Q: 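Please see the structure below; I have some questions.
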Amino acid sequence: MSSTPLSQRAVAARPAPYLDELNPAQREAAETLEGPVLMLAGAGTGKTKALTSRIVHLLATGTAKPNEILAVTFTNKAAREMKLRVGRTLGEAVEGMPWLGTFHAVCVKLLRRHAELADLKSNFTILDSDDQIRLMKQLLAAANVDEKRWPARMLAGIIDGWKNRAWTPEQVPPDEAKAFDRRGVEFYAAYQARLRDLNAVDFGDLLLHVIRIFRENEDVLAQYRRWFRYILVDEYQDTNVAQYLWLRLLAGGHRNICCVGDDDQSIYGWRGAEVGNILRFEQDFEGAKVVRLEQNYRSTGHILAAASGVIASNKGRLGKTLWTDGEDGEKVRLIGHWDGEEEARWIGEQVEDLQRGTRGLDPFGLDSMAILVRASHQMRAFEDRFLTIGLPYRVIGGPRFYERLEIRDAMAYFRLATSPDDDLAFERIVNTPKRGLGDKAVQTIQKTARSNGVSLHEGARLAVQGQLIRGKGAGELRVLVEAIDRWHGQVVAEADTHVELAEMILDESGYTGMWQADKTPEAPGRLENLKELVKALENFDNLQGFLEHVALIMDNESEDSEEKVTIMTLHAAKGLEFPVVFLPGWEDGLFPSQRSMDESGLKGLEEERRLAYVGITRAERLCTISFAGNRRVYGQWQSQLPSRFIDELPEAHVEVLTPPGLYGGGYGAAGMSASASPILQGLAASSVQERASRADVYNSPGWKRLQSRSGQRGMAQPQEARGITIDLEASSSFSTGDRVFHQKFGYGEVMALEGDKLVIEFDKAGTKNVVARFVVQAGQADDVPF
DNA sequence: TACTACGGTATTTTT
DNA sequence: TACCGTAGTA
């Protein structure tokens, strides 16, 4: 019933308005239903539209029924969005698609059905990373491992990495197995054993268990291959090895798989994503049809060209040429600042200007503006600044609702009420609020539980009965144990509504009281969150349903209506778009991040570059890149070089802005002068910058790199470079031992010379790296150039 | 058992 | 610099 000709006849016969809205490439992607398809969808090219149209097409032509389509995404948000749009296009006529969801949500469903094949009970609990680390801490403590040298976090990271690559403990290759003091695999195995005992899985296991079930049970796999006749995968460039294997298993029969992605937007390599998956698609699925979506509907011509220019430096791309038939718009704006605070101040002003509608542009609402940073610590400068000028902002990211301490505590209580044997939950809250049960008491409970082969909850009961725990704690523990029994009874009996029950639990446990009694400033907020949690319960039929939901849905869309500027990381911005985008902190070491280059070399640099590409392509109409010459890094002032990505911006699409103010406005300090970029040279030619510019030695990229490295390590400054410094700054050549004065740091002594930077031990401010230009010989303070 | 002081460390984080 | 986590102490 699903032969190709038939389904296509059906299309021809029926009016299909959703297809008319597509451009030729999108349409091809939506209509090629049989066989493997790779949809290479550049930023802003209508990927979701094509994808949802494809689903609609499958349904509308009768090619597939809703339950025959497996559609996987990475985020709940993406899944929601897709569901919504399918429903809307179809006119809500179709019942929901049961297999449209995140990889994890789909796996949970599968695993619940076949839990016994993975040695689990179908009511297994799903641990989040917090539980995971807690568990590992226990394992490490039991093995007498020094937590200082070998932290549980590290182990968790290593094991996660292995799971991302679909390695069971036995499959970890020997050289990898040496990780974690040569005991990584040992702890991995122990951890898995512990999870089995707890009837629990972590996120990685959701995939791995299902893969194992498929591999070991041909009949099960065959059943799902028959079942899922059409497979769609969103953000394919972000899949890890485990997800890839999972997909290959399921698509293995019919090969009706359509993967959508953009290799240029692969920014989660550090989390196990394998760009190789998308790059290899055509080999993996022979005869695959590759469709490129290249018409961009989001950004203006200049923005698109700037982004394309940057990403062009990456090797091994599948290659796309984004184009638009829209207007060129404003050029991407580039500006350097004296330091990070100055940058924040300037951006704050820009936001206000744009809001008022200066610059000959229509006013932009605050909602349409975003500041995208590389690392979350950069947010602080903006928050500080916006707070002082009273500019409303919203920070995306940070601790999510369900990750908050009080929410997790409350959830642990709920978990105990539904399943009293949940040891991790029990452990979490035995002494929260304080019940006088310390380490020793908990150990006694654990020992009792273990020797009797029961849960901690039962162990606690036995310990109380056997008077193994004495004093104040004993009474409190008895109360807790009995309370858990009672709550559980209520859950089973369904005596009260779950919302009332939840309130009762939080009340009787003393948890609410604990925060009410707390007079620290954050207590009211926490109570507020608890209220919100209870409110969220109303959307579910019972506690179990809620807990199940929460285990996989850790997102937190707080809908507030007030107009605000958005501040978030580049990673968090993927998939979003804003009319106005600010990209601050484009400085070598910060962006691209030194760490990612150190850890992953060229691969890391290329991922950073993709991040730059993602950043620029978020902008619809106005994109402003900025950098600061000086930045405080961990309390130390450091002079910064403009990002190498700035050199890669195509000149024709960039407008270099001159910072306001003569001297104080800053001119990008060291980096500006050292840059080989024509863009920055153009800038350097303007009045103030002239003084900062250097002879050609400084203008070679090689020197720039050298300089940025030597800056950290105290490499001696070459003789000729010093000569140049003297020429340009007649009054200020330095040698070690000189007494100098700096506007910000006061008096100090020159300890070393590094390129155009000096290492100075200031009398008050400590040792700093500062640019020679901003320092004068002591006693010449009157000549300070600012 | 609970508080304080110190030291080590410091990206990005869909589930 | 600022936080978190651990260890030491009351």
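None of the values given here were measured: they were computed from a predicted structure. Sequence lines set the chain letters: A, B, ... in the order given, protein chains first and strands last, and positions in each chain run from 1.
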Q: Please evaluate residues A:Phe578 and A:Leu576 with respect to the criterion side-chain contact (heavy atoms from CB on, under 4.5 Å), reporting the C-alpha separation (whole Å), side-chain torsions for both, the decisive distance (0.1 Å), and the verdict.
A: CA-CA 7 Å; A:Phe578 298 90; A:Leu576 305 178; 4.0 Å; yes
Q: Using a strict 4.0 Å threshold on nitrogen-to-oxygen distance, state whether A:Lys163 and A:Asp202 make a salt bridge.
A: yes
Q: Between B:dT11, C:dT6, B:dT15, spot the one nearest the side chain of A:Ser596, thanks.
A: B:dT11
Q: Starting at atom CD of A:Gln594, determine the distance to atom P of B:dT12, rounded to an integer number of angstrom.
A: 16 Å
Q: How is A:Lys434 classified with respect to the nucleic acid when contacts are heavy atoms under 4.0 Å: base, sugar-phosphate, or nothing?
A: sugar-phosphate
Q: Within the stacking criterion (centroid distance below 5.5 Å, interplanar angle below 30°), does A:Tyr634 stack on B:dA10?
A: yes
Q: Rounded to whole angstroms, how far apart are CD on A:Glu599 and C1' on B:dT11?
A: 9 Å
Q: Which class fits the ring pair A:Trp586 and A:Phe591: parallel under 30°, tilted 30 to 60°, perpendicular over 60°?
A: perpendicular
Q: Counting side-chain heavy atoms from C-beta on, which of B:dT15, C:dA2, B:dT12 comes nearest to A:Arg380?
A: C:dA2
Q: So what does A:Arg374 touch, heavy atoms closer than 4.0 Å: a base, only the sugar-phosphate, or nothing?
A: base
Q: Between B:dT11 atom C1' and A:Met568 atom CE, what is the distance in whole Å?
A: 17 Å
Q: Over how many whole Å does the gap from A:Trp150 atom CH2 to B:dG8 atom P extend?
A: 17 Å
Q: Using a cut-off of strictly less than 4.0 Å, decide whether A:Thr569 has a side-chain nitrogen or oxygen near OP1 or OP2 of B:dT11.
A: no
Q: Taking the side chain of A:Asn431 as its heavy atoms from C-beta onward, which of B:dA2, B:dT12, B:dT11 lies nearest to it?
A: B:dA2
Q: Are OP1 or OP2 of B:dA2 and a side-chain N or O of A:Lys440 less than 4.0 angstrom apart?
A: no
